[in-house]
Amino acid sequence: MILNHSTDLDYIPSRIVSLVPSQTELLHYIGLNKEIIGITKFCLHPVEWFKTKTRIGGTKNIDIEKVIQLNPDLIIANKEENTREQIMALSKNFNIWVTDINNLQDALIMIKDIGQLTGKMEGTRILIEKIKENFTVIAKKSCLIPSVYLIWKEPFMTVGGDTYISNLMLQAGFKNVFSQLKRYPIVTTAEIIILNPALLFLSTEPYPFNAGHVEEMQKSMPGIKVVLVDGEMFSWYGSRLLLVPDYFQKLMSE
């Protein structure tokens, strides 16, 4: 079944499948090495888990038969990362915790809930405190820097104001000029030029933008500074948040 509250389980799970890369990293951070029995092919962190844990397909094309064979007593998924059809199919046989992360506060609540579900409440409490402390070093800007964040090419796709990435941009002092749009809209270079942002971020994921793309875009938009950014820092919720404030500080100073 789909769990509605983190207190719905009356046992501590010992056979967990994680369907979300950033949450897999969190599960490792809080010490669930023995409990995690399955991860996706995109769960690259930590490297030792990627090499040794059973991989059950991608986030949107889960090998359901392989999950059934693993027989988990908890599956951890995400509303956006995974498909509703596959989650509903798995929920007929397994308990599933589905997270829904749209901002930093949602991410902190998710960490707390994961701690409750897995019996790691003290570890997640300390982690949340560290994340909050680290974010205090980011000076709140009275004047936000107009910016665009691209996640895909051909067609170009950006992030709307209701996304986690857009909220993280705001935390860092960047104003998403497409914040009036929802989710992940398609945009054109002409639209970007008209809005005239100071910065154009090209993310390393999900589309693997690279230095060559930066050079190409910079030539077509000479009045806008094009920057290659680490997509994991902007989109991964969980223990990765410990590193985000320092990354943002360095990005602001470039």
- Message: For a 4.5 angstrom cut-off between non-hydrogen side-chain atoms, does Ile192 reach Met221?
- Response: yes
- Query: Parallel under 30°, tilted from 30 to 60°, perpendicular over 60°: which one fits the rings of Tyr207 and His213?
  - Reply: perpendicular
- Would you indicate whether the side-chain heavy atoms of Ile37 and Val17 approach each other to under 4.5 Å? yes
- Item | Asp162 side chain near Arg183 side chain, heavy-atom distance below 4.5 Å | yes
- Please round to the nearest 0.5 Å and tell me the distance separating atom CG of Asn102 and atom NZ of Lys79. 7.5 Å
- Query: Does Tyr237 reach the side chain of Ile111, with side-chain heavy atoms less than 4.5 Å apart?
  - Reply: no
- Query: Considering residues, nucleotides and ligands other than Lys153, do more than 12 of their heavy atoms fall under 6.0 Å from its NZ?
  - Reply: yes
- Message: Counting only heavy atoms not in Glu215 (residues, nucleotides, ligands), do more than 12 fall under 6.0 Å from its CD?
- Response: no
- Would Tyr149 and Phe174 count as a close aromatic pair, with their ring centres under 6.0 Å? no
- Between the side chain of Asp63 and the main-chain N/O of Gly57, is any donor-acceptor distance below 3.5 Å? no
- Which salt bridge (charged side-chain N to carboxylate O under 4.0 Å, His left out) pairs, counting each pair once, include a residue from residues 106-123, with sequence neighbours left out? Glu122-Arg125
- Task: May I ask you to check whether over 12 heavy atoms, not counting those of Gln218, lie within 6.0 Å of atom CD?
- Result: yes
- Measure the CD1-CG distance between Ile165 and Leu170 for me, rounded to the nearest 0.5 Å. 14.0 Å
- Query: Does one hydrophobic cluster hold both Ile96 and Ile12, with members joined at side-chain heavy-atom distances below 4.5 Å?
  - Reply: no
- Message: Tell me whether Lys132 at atom NZ has more than 12 heavy atoms from other residues, nucleotides or ligands lying less than 6.0 Å away.
- Response: no
- Message: With rounding to the nearest 0.5 angstrom, report the CD to CG distance, Gln86 to Leu19.
- Response: 8.5 Å
- Message: Would a single hydrophobic cluster contain both Ile16 and Ile114, if residues Ile, Leu, Val, Met, Phe, Trp and Tyr are joined by side-chain heavy-atom contacts under 4.5 Å?
- Response: yes
- Any side-chain heavy-atom pair from Gln171 and Asn103 closer than 4.5 angstrom? no
- Going by the side chain to side chain contact (heavy atoms under 4.5 Å, CB included) test, name the single residue among Ile194, Val187, Leu199, Val148 that passes it with Val177. Val148
- Query: Does any non-hydrogen side-chain atom of Gln116 lie less than 4.5 Å from one of His5?
  - Reply: no
- Find the distance between CG (Asn95) and CG (Leu117) and round it off to the nearest 0.5 Å. 9.5 Å
- For the atom pair OG (Ser166) and NZ (Lys182), what is the distance rounded to the nearest 0.5 Å? 10.5 Å
- Task: Give the intermediate values and the outcome of side-chain contact (heavy atoms from CB on, under 4.5 Å) for residues Thr24 and His45.
- Result: CA-CA 7 Å; Thr24 296; His45 307 291; over 6 Å; no
- Report the relative orientation of the aromatic rings in Phe234 and Tyr247; use parallel for angles under 30°, tilted for 30 to 60°, perpendicular for over 60°. perpendicular
- side chain to side chain donor-acceptor pair (under 3.5 Å) partner of Thr99, chosen from Glu80, Gln23, Glu81: Gln23
- Do the non-hydrogen side-chain atoms of Arg84 and Ile87 ever get within less than 4.5 Å of each other? no
- Is the Tyr184-Phe178 ring centre distance short of 6.0 angstrom? no
